[in-house]
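Report on the following structure.
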Amino acid sequence: MAAGAGAGLRLGSYLGDVSALSFLPSSPRPLLLAGTGSELLVYDLDAARLVASFRVFDGVRVHGIQPRVRAPNGPADGLTVAVFGERRVKLLSLRVDAAGVLLQLEQRLPGFDHWVLDACFLEVDGLLAIGLGDNSVALWDLKDRVFVTRVNSPEKCLLYSMRMWGDSVQSLLVASGTILNEILIWKLVPETPSSSLLSSDELGAAGVENRENVHLSHNNKYMAVHIGRLKEHEGSIFRIAWSSDGSKFMSVSDDRSARMWMLSCQPQDLTNQAARIDDVDIIPKLTLFGHSARIWDCCISDSIVITAGEDCTCCIWGMDGKLIKTFKEHIGRGLWRCLYDPSSLVLITAGFDSAIKVHHLCNSSFHDTLEEKAAPDGLKYESEVFEVSSPIVSGRHGALDSKSEYVRCLHFVQQNILYVATNNGYLHHADLSNTKDVRWTEVIQVTEKAPIICMDVMIVSSDFSLDKEDIIALGDGRGNVTIVRLSSPSLEPKIDLSFTWPAEKDRQLLGLYWCKSLQCSHIFTADPRGTLKLWNVRNALLSNGHAISTAQEVSLVAMFESPFGTRIMCLDVSLQDEILITGDKKGNIAAFPFHNTLAAHDSSEAQQKIPLRDRFKGAHGISSVTSVQIITSASDHIEIHTTGGDGCICFFKYGRNVKNVEFVGMRQLKELGTIQSIHANHASGNQLVGTYAIGFTSADFIIWDLENDTKLVQISCGGWRRPYSYYLGTVPEYQNCFAFVKDHSIHVHRHWAPAQDRKLLPQVFHTQFHGREVHSLCFIDPASYSHPEKSTDLWIATGCEDGTVRLTGYSASSDGRWCSSKLLGEHVGGSAVRDTCFVPKTYTLADKSCNSSVSSADILAEDKDTTYILISVGSKQVLTAWVLEPRTAENKQACSSDLDLDTKQSSLCSDISDSAVTFQWLSTHMPPKLGTNRLKADHVKRNIEEGGKGNCSAQPNLAIMEQMENDWRYLSVTAFLLKHPATELTVCFVVVACSDATVVLRALLLPSRLWFDVALLVPQASPVLVLRHIVVVSSAHCEGVVYNGDRYIIVSGSTDGSITLWDLTDTIHGFMQLVSETKPHMVIDCQKRPKTGRGSQGGRRRWRSLANSSVKKGNGQALLRSENNLSASCAAAESPHETSGAGENEAIKNTENTVSSTQSCDIPELQPLQILAGVHQSGVNCLHVSEMEQRSCSIAGTSYCIISGGDDQAVQCFVFTLAPPQGCSTNMSNIVSPPDKGGLQILGQHTVPSAHGSAVKGIWTDGAWAFSTGLDQRIRCWKMGPSGKFTEHSHVIISVPEPETMDVFHDFGCRKYHIAVAGRGMQMVEFLPPKDDSMKIA
């Protein structure tokens, strides 16, 4: 890694937008060169791995890469690559051998006075042409390493883009895209005396000051001659691309159009004669519209045109102007670059989200839409799109009625075998081996004139041969079930056995479900009222008797009644865990016990009704649950994955001991409107190699690669309501089939290539990150990892403008690369994340009494059994909390008895299975849509004593807070955890600052997930931009008596440049005492699932607002009033273990009868402990608080330092001590009093007025060293002194444009600081202190 100005700071990898792409000619496929930040990355396309990286510039982004095919008389294995960025150009020597790729600096060109837009090797002349932003071209002699000349176009204007074509000065063509929406085409010709007035030959390159060093090739000077001016675009020209032969070029623009132009003659026919040049015409050939935003890049080949735009789409166009295919697999602000190799049909896209995605245009995503001549030999497509009709249905058109014959059900069992069920009860077998001659076989007709309503197929191995057998279950409109066993289905299907029995009443049979765990011995039937029946058909299938006698051997084993009374849509059974999970049409899931005796082959017990074990209402909101999958784990819970019509994949866990279903997390696929199922692809050894989501969006069928976030298949079919079926092979990218019914015909899309003949290209080469600006980041404490002593990776949580929170891993070993980045979650409605906070410690609070004789060490101690919480806040006042937990296979105990969380990998970690930490969603807090009141902590006790009928007056200063219909946003958050030893309750105290200039202390009660507003921190004349907290653990004695030495201090920085401190000690003590007395978690239900913003009601458990009321139980005990938790508050809902029906309704009715309204109540206000006004001349953008090294015995107590940075470019530092509080009262009346206990003593202050060249955006200190970053793209390291005076030790230039946030992790074991900076991307920087430095040991 390159070092900065100081030897202690070393730059690490940059993770951000990819700004340049280029292929490197190699065999059998070219290597891929990518520019990201200041780095050049080299990827092996075959091995799908990064083989080399090189830091080209310091703080300058790589804008372009131009490889030189092979230097004349150069080594056979040596290649030269020109890399440029801003005003700099470097030539790198690249050697490829069996050991790998070696990159070395070959030449460094002097800096230019304008940005470099393009570079082109002129092999004939041994020159490098460099296109500059002032519409000029500089020529660099590659051998003598000097500038030859610089030719300025007579049209002096600034450019957005330039692209050159040619291999010599004589054939060089220049296309310039100006800021005036014009394209100028010009070339270089030798200057003659008569044309001296038309051109100029200048040395405009800054840094080349000695004109005597300029070598003029062949004593010739050059001038610019214009060929044409194109004015058809209505926006700035962002990119131009020449064809390989130079006969045509593409241009893309701000006007969302792409245009193709053609020269009237071949470029090689052009001479240096101006008269001949005047005869050249530029003919507009195509105008392409299809992007919804600006177009950034384009490629052109002999057969197709490719464009990439700000709308994150990559479009493939034919030469006739027709749109062939659209890829939309990137996220964020857009695609910067696209690259296409016609020889291998490989398309590369890269953009703001850091991902480099590979598309092979031979796979199913492209099908056969490309002209066949574009595919080289050996790469023809195995894609088929054809239409077939059933012999009975064919030829019938017009209106349909209930007696018409039409297709009702389709079911693929192989790529060439399709079963078709019709409205008149026919089952057909279709052999699709020959698409021109489909062979139809009528298998059976069920009860005459009865339509087939549902169908399911189970494929089993034959007991007598190696062939497979198809067991087909058919349910008709008369309520009958017909089972058909077919042998040799791939040849001529033969019916071995068929039998029918009545399962339901007329028109009451809606579903048939085989279950893989039960094989074909049992089958489920479903009716409209949520009743599920289990039938034993094993004896009937093994029978060789007649159909009538066989049907008598079918027995009803058990009945399962859904508590929601809604049709069951899907199910799964785990015999090992003896559990049945069902999903219904209204988005609910239910769990039933499924004892092994139910699946016993000789089960002859009478039918029994199985009681409900647990349920979860609104798992997918109000949308149908489409699939359920049980995943058995070795821990004390099983995992449940469900998909639904809301476009979400939900993850639950079912505790084997507690016997309940708990929501863990979810993944929302915005690209899919409804997800029908999840397909897991396993290779040999049962190793999972890929996971795919199958679903629909609008009228299209889509197969989505969940591992790489790419779209594999998109087929227009009219939506999921039509009969359809799909089939995936071992390599779904190349083996997939889809059939659907339209206009009485069956349309089949089949892409089936032999897997052994296709090497699957990985879809993503570079780690995908946020697609927009990152506003906040925080390190995840390694103490929460599975094996912190063995782990060398660091994990960072980041919050983005698009509302997503990601967990990104960085390998802190010698390679220093970003290893992975997975989506942690998304804020409701995609509201921007402004700040994140990780809570690494849990403190246990002892019972505090003035007369207590407990030791001082027990007053406030760090809890060894820590719960780790990550909190993010952002726009629309959204606050989301996640629980992070270590994942250890040997520890099967809950990491927190309060939360009942398992330390094994959680269900959601199918997304993040390679990380050392797992997580689950904990809670989401949002303001109510209407003006309602929060919890008033100081009035709760009074309300309880008065039976909830007490009134309190509202204060006018909360008028702004009551206006909830606004666009206020949270700006900052800080939090800490306290555990009450008597009640075993854990409370997470969260302080949030809002853009309406309010700062509120909230409490999240765990495990009940109840939110309470505890106090309002006043006064605040300006919004607070940053919050930090201090938890003081003290064991001081006062006249031999132990006093309450724990202190909770909040520090804030505001937009007016002031820093304020609040003392929350008495407030927190009072709230903890109040919670221990009232125990609100015993009687108030909570939110069980987050909202998705797509119609989901977030697990609606009949929430009712208790914000303005208090509820009494039947025994007279009053409930603590909770604030409005989301759009509906945590309310007295039904218990998750209730069954339903009359009991549930009665409970809700009793609750409604006991609700009594109260008037508005105010929350207590806390006055500041100290206000430091005018610390900065403008806003305090960042601050950090740390203990100082104790170097003086004369100072009593612990000293702290506050270091801050602001828009005024200054860095301030205060060193202070907190005086011990007097007394130990915990009366709640003290909350509303100004803090007159405990003072603030300033010990020292130091200011560096111009610490950065621009606004300071991030700062951190541990009392020994401090680090800051600003918009000047510098990280500065400061050495801290005992009195707060700090001096600059070193600095380094980073690759992150517009950095906004910074965090630091101190690795004491390696004596190293890891500094993460984020803004437009993220970068890691390491700092190694001097060995003789007396480092602070925390």
Side-chain angles (χ1 to χ4, degrees), residues 15-17 331-333 352-354 665 667-668 767-781 794-810 818 820-840 868-884 908 911-912 915 917 919 921-926 968-975 990-995 1024-1028 1090 1093 1181-1182 1257-1258 1260 1269 1296 1298-1305 1316-1324:
L15 183 63
D17 50 346
I331 58 175
R333 291 201 176 274
F352 200 103
D353 62 355
S354 178
R667 179 173 179 180
Q668 181 177 355
T767 302
Q768 187 168 26
F769 194 52
H770 293 289
R772 299 176 71 89
E773 294 79 4
V774 178
H775 295 308
S776 63
L777 67 83
C778 62
F779 277 95
I780 304 300
D781 194 334
L794 295 174
W795 291 91
I796 302 173
T798 53
C800 179
E801 175 70 22
D802 60 4
T804 59
V805 179
R806 297 185 76 92
L807 202 59
T808 306
Y810 177 81
W818 300 100
S820 66
S821 179
K822 299 295 183 180
L823 183 66
L824 181 63
E826 183 177 3
H827 276 208
V828 177
S831 54
V833 179
R834 307 300 304 184
D835 196 16
T836 55
C837 172
F838 180 68
V839 186
Y868 304 99
I869 293 182
L870 176 67
I871 296 175
S872 62
V873 298
S875 300
K876 300 180 182 178
Q877 293 179 281
V878 176
L879 188 156
T880 305
W882 288 274
V883 171
L884 289 92
L908 191 55
D911 260 352
I912 192 163
S915 71
V917 291
F919 59 88
W921 170 85
L922 180 62
S923 182
T924 299
H925 178 278
M926 288 181 64
W968 300 120
R969 61 187 181 275
Y970 288 140
L971 300 177
S972 185
V973 64
T974 189
V990 182
V991 182
V992 288
C994 187
S995 57
V1024 170
L1025 296 177
V1026 59
L1027 289 169
R1028 293 293 182 267
N1181 293 329
C1182 51
K1257 303 297 288 187
W1260 184 93
T1269 188
V1296 180
E1298 303 173 10
E1300 291 194 38
T1301 180
M1302 182 185 74
D1303 196 16
V1304 180
F1305 170 70
V1317 183
R1320 287 182 54 185
M1322 182 166 60
Q1323 188 172 14
M1324 188 73 76

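Here the structure is a predicted model, which is why all the values come from computation and not from measurement. Values below: every heavy atom of this structure, side chains too, minus hydrogens, waters and symmetry copies.
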- Query: Yes or no on salt bridge (Lys or Arg N to Asp or Glu O under 4.0 Å) for R333 and E773, after CA distance, side-chain angles and deciding distance?
  - Reply: CA-CA 9 Å; R333 291 201 176 274; E773 294 79 4; 2.7 Å; yes
- Can you name the closest pair of heavy atoms from D17 and F352 and give their distance? CB-CA, 3.4 Å
- One should read off an interatomic distance between S875 OG and R834 CZ, to the nearest 0.5 angstrom, of 6.0 Å
- Task: With the side chain counted from C-beta on, respond yes when W795 and S820 share a heavy-atom pair under 4.5 Å apart, and no when they do not.
- Result: yes
- Query: Which heavy-atom pair separates V873 from Y970 by the least distance, and what is that distance?
  - Reply: CB-CB, 3.7 Å
- How long is the gap from CG on D781 to CG on L794, to the nearest 0.5 Å? 10.5 Å
- Task: Give the minimum heavy-atom separation between A797 and I780, together with the two atoms involved.
- Result: CB-CD1, 4.1 Å
- Sequence neighbours excluded, which residues qualify as side chain to side chain donor-acceptor pair (under 3.5 Å) partners of T880? none
- Task: Answer yes or no: is there a side-chain heavy-atom contact under 4.5 Å between Y810 and M1322?
- Result: no
- Message: Below 30° counts as parallel, above 60° as perpendicular, anything between as tilted: where do the rings of F779 and F1305 land?
- Response: tilted
- Query: Looking at residues at least two apart in the chain, or sitting in another chain, which of them share a side chain to side chain contact (heavy atoms under 4.5 Å, CB included) with C1182?
  - Reply: V1256, I1259
- Item | Distance (rounded to the nearest 0.5 Å) between L777 CG and T1301 OG1 | 4.0 Å
- Message: Can a side-chain donor-acceptor contact be found between T808 and S821 if the only test is distance below 3.5 angstrom?
- Response: yes
- Smallest separation among heavy atoms of C800 and H770, with atom names: CB-ND1, 3.1 Å
- Regarding D835 and S776, is there a side-chain donor-to-acceptor distance under 3.5 Å anywhere? no
- Query: Step by step, would you call K1257 with V1317 a side chain to side chain contact (heavy atoms under 4.5 Å, CB included)?
  - Reply: CA-CA 10 Å; K1257 303 297 288 187; V1317 183; over 6 Å; no
- Nearest heavy atoms of S872 and V805, plus distance in Å: OG-CG2, 3.8 Å
- Task: For the pair D802 (side chain) and R772 (backbone), establish whether a donor and an acceptor sit closer than 3.5 Å, ignoring hydrogens and angles.
- Result: no
- Query: Heavy atoms, side chains only, cut-off 4.5 Å: are H925 and V990 in contact?
  - Reply: no
- Message: Minimum heavy-atom separation for C778 and D1303, please, with both atom names.
- Response: CA-OD2, 3.3 Å
- Just how far is it from atom CH2 of W1260 to atom OG1 of T1269, taken to the nearest 0.5 Å? 15.0 Å
- Quick one: are H775 and E801 in side-chain contact, heavy atoms under 4.5 Å? yes
- Message: Quick check against the 3.5 Å criterion: does T836 have a side-chain atom that pairs as donor or acceptor with the backbone of T798?
- Response: no
- Between CG on residue L15 and CH2 on residue W818, distance to nearest 0.5 Å: 6.5 Å
- Task: Determine whether Q877 and V992 make a side-chain contact, defined as any pair of heavy atoms from C-beta on separated by less than 4.5 Å.
- Result: no
- Message: Going by the rule side chain to side chain donor-acceptor pair (under 3.5 Å), which residues pair with T974 if we only count those two or more places apart in sequence or in a different chain?
- Response: H1029
- Test side-chain contact (heavy atoms from CB on, under 4.5 Å), reference W882, set I871, L824, L807, output is L824
- When rounded to the nearest 0.5 angstrom, what distance separates CG in N1181 from OG in S972? 11.5 Å
- Query: Any side-chain heavy atom of L971 sitting closer than 4.5 Å to one from V1024?
  - Reply: no
- Answer whether the closest heavy-atom distance between the side chains of R806 and E826 falls below 4.5 Å. no
